[in-house]
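The shown structure was predicted, so the numbers you read here are calculated from the model rather than taken from an experiment. Computation of the quantities below employed the complete heavy-atom set of this structure, encompassing side-chain atoms and omitting hydrogens, waters and symmetry-equivalent molecules.
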There are 2 protein chains.
Amino acid sequence: MQTVDKAFKLLSLFSVETPEVGLSELARRAGFDKAATRRFLVALQKHQLIEQNPETRHYRLGPGLLHLAKIRETTFPLESILQTALVRLSGGTGETAHAGLLVHAVLTTLAIVFPPRANRVHLNLGEKLPLHATASGQVLLAFSPPEKLDDLPIQLNTYTTQTITDRQQLVHSLQQIRQQGFARVSNTYEDEVTGIAVPFFDAHALPQGTLAVATPSARMSAKLELQIRQQLLLESQSVTQALGGVLPADFSQHLYQETP
Amino acid sequence: MQTVDKAFKLLSLFSVETPEVGLSELARRAGFDKAATRRFLVALQKHQLIEQNPETRHYRLGPGLLHLAKIRETTFPLESILQTALVRLSGGTGETAHAGLLVHAVLTTLAIVFPPRANRVHLNLGEKLPLHATASGQVLLAFSPPEKLDDLPIQLNTYTTQTITDRQQLVHSLQQIRQQGFARVSNTYEDEVTGIAVPFFDAHALPQGTLAVATPSARMSAKLELQIRQQLLLESQSVTQALGGVLPADFSQHLYQETP
DNA sequence: CTCATCGGTTCATTATTAACACCGATGGTG
DNA sequence: CACCATCGGTGTTAATAATGAACCGATGAG
C-alpha cells in the first residue's frame, strides 16, 4: 500500500508555516515525479482532502478533513478532553498550558490555554514543535520505543544557544527524562521560556501526545516547578484514562512518588 | 489513482452512527476483498488516519485526522467563520442555527448554536443529513450542477409522512428552490420541525455547505420566516466572502430583492 | 460437538502506477 | 524586447504494485 503512503506524504507536506504549495514545489519536496504528484493531487482533490486555490493554482488541505475530524472528535473527543485538562492546568499554575499530538514523528500543537496575565508564554495552534528542542518533544522521545529515534533528522536544528544539537547528549538526556517521568528545558527553543512536559498514552501504552506548561524562565522557581510537575502527572493520568489509554509501569510509579 | 479512492472509501464508511467497525464488516460495506481491506487499514493505521481498538479489534478514525484538520482550520478557518455566523443567526432569530458541509455527496453537521430557550430544535454535531429530506440538503442539490443528482440513492428514504420520495417531485421542487434562493421544508425529516436553509459557495461558485435555521413548526410564522430568510441571505454572503468564495449570479440577485 | 464467523495471512496472477519527454503560459532579466 | 527558466499540466510504454481465492487458528452460538 505504498500508494497510500505517498498520498499521505503529500498531505503531510502542508503545515501552518506553508499552508499553500504549488505543484512543482510539492513534487520536489515529496521526491515524486511531477506527473505522479499531479495524479495524486487530482485524486485527493476529488475527495476534498486537498483543494486548489483557483487564483494562485496552489494546493492546500481541503474541507474533507474537517468532516472526518468532526466525526472522530464527536465519537472520541480527544481534543475536548485535552482542552478541559489544559483549563485546569493553566488555572492551577497561572501559566500557559498546551497539548501536543504526535503524528508520524511530527509533534503539533492541538490546544492551548493562556492564563489571564500580561507576561505569559505565547505559541500558536497548529505550530510544529521540534522533538529535540522542546520539553514536549523530549518527553515523547524518552517514552517512545528507541527505534523512533531513527526518525529524527541527522542534523538537529539550532534554535538558541541552549539547543541540544549533539545526538549523544540528547540520548543521555532522554534516559534521565524517562527515569524522572517528565522533561524540563530552559531556553532551548525560545529564549526566556522554560517548559515542563509529560506524555499521555494510548491503549498500547505508547505516548500519543503531551501536556505541557510553559513559563517565562525568570518566573520559574523550585516551588513552581514542583507544583507544575505534580499537576501535569495527575492530568496525564486523567487524560490517558479518559482516552482508554494505559500508563506504562515506569511512568505510573511517579504518581505515588510525587504526591506529597 | 483508484488506490486513493479506495482508501478514502474506507475512511468514509465511518460515521457518528457507526464509529467503530470490524474488518469483515468494512470489507463487506466497501465491497472490497478482506485481504485488500486489511492492507488498506494497515497502511492507514501507519499514518494514524485509522486506529484499532485493541479490545474489540474494531477500527475507528484516527488522531492523524485531527492533526491535519487543525492545520487546515488554523490557516483557513472555515469552522470558526461558520460558528460566528451561527451565533449571529441564532441570536437574531431566537432559534437553532446550524451549518452543514458537503463532502462527496454527504452533508454533515459541522457546527450548531442553540438559543437559550427550552423549546428548541435539537440535532447533533457530525450528524449526517439526508439530501432529499432536509432544507439544507435540498438547497445544496438545487444549486449543484444537475449531474450531482446522480449521486442520490435510487431509493429515497422515508422519514416522515411528509418526506419527498418521488424523484420527479424532488426535481421540480429543486427548480423552485433555485429560483427563490432558499429552501424551506416542514416535517420532512423530523416531525414538528421546520427548516430554512441557504447555501454558501466556494471559489468556483459551487455550493460548499449550508447555513440553516430550524424551528418548531408550531412557532413558524410568515413574519419569522421572512426575518430568518433575510438573515440567512446576509450571512451566506458574509461567509462566502470570508472563505474567498464567489456567489453565483442567480443567488446574489436575492440579496437586493429581499432587503426591504 | 459442530458450524459459522471472526481477524488475519499467503502467494501466483493481473491491473496499476511511474516517469520521461513535451506542451503552452508566465514572469523575471540583461 | 528577446531570452531563458520555471510554472501547471499532459500523454504513452516500461516497470511495479495491488488483487483475491484459499487457508489459519480463535471464538462463540445452537
Just N and O in the side chain of [X]: are any of them under 4.0 Å from OP1 or OP2 of [N]?
X: Gln2(B); N: dT16(C); answer: yes
X: Tyr59(A); N: dG9(D); answer: yes
X: Thr3(A); N: dA18(D); answer: yes
X: Lys6(A); N: dT17(C); answer: no

Q. With a 4.5 Å heavy-atom cut-off, do Thr134(B) and Thr188(B) have their side chains touching?
A. no
Distance check needed: [N] [atom2] versus [X] [atom1], whole Å only.
X: Gln45(A); N: dG8(D); atom1: CD; atom2: C1'; value: 13 Å
X: Asp5(A); N: dT17(C); atom1: CG; atom2: C1'; value: 14 Å
X: Arg57(A); N: dG8(D); atom1: CZ; atom2: P; value: 9 Å
X: His58(A); N: dT26(C); atom1: NE2; atom2: P; value: 14 Å
X: Leu10(B); N: dT19(D); atom1: CG; atom2: C1'; value: 14 Å

Q.
Check this for me: Glu55(B), atom CD, are more than 12 non-hydrogen atoms of other residues, nucleotides or ligands nearer than 6.0 Å?
A.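 No - once you tally the heavy atoms of other residues, nucleotides and ligands closer than 6.0 Å, there are 12 at most.
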Q: List for me each residue that meets side chain to side chain donor-acceptor pair (under 3.5 Å) alongside Thr240(B), sequence neighbours excluded, and say none if there are none.
A: none
Q: State whether a side-chain donor-acceptor pair under 3.5 Å links Thr108(B) with His67(A).
A: yes
Q.
Check for me whether Arg60(A) meets the cation-pi criterion with Phe76(B), that is, NZ or CZ under 6.0 Å from the six-membered ring centre and within 45 degrees of the ring axis.
A. yes
Q: Please work out which residues in residues 19-41 of chain B have a non-hydrogen atom less than 4.0 Å from an atom of DNA chain D and list them by number.
A: Asp33(B), Ala35(B), Ala36(B), Arg39(B), Phe40(B)
Q: In sequence, state the C-alpha distance, the side-chain angles, and the governing distance for Phe14(A) and Tyr59(A), and then conclude on ring pair (Phe, Tyr, Trp, His ring centres under 6.0 Å).
A: CA-CA 9 Å; Phe14(A) 297 91; Tyr59(A) 297 88; 7.9 Å; no
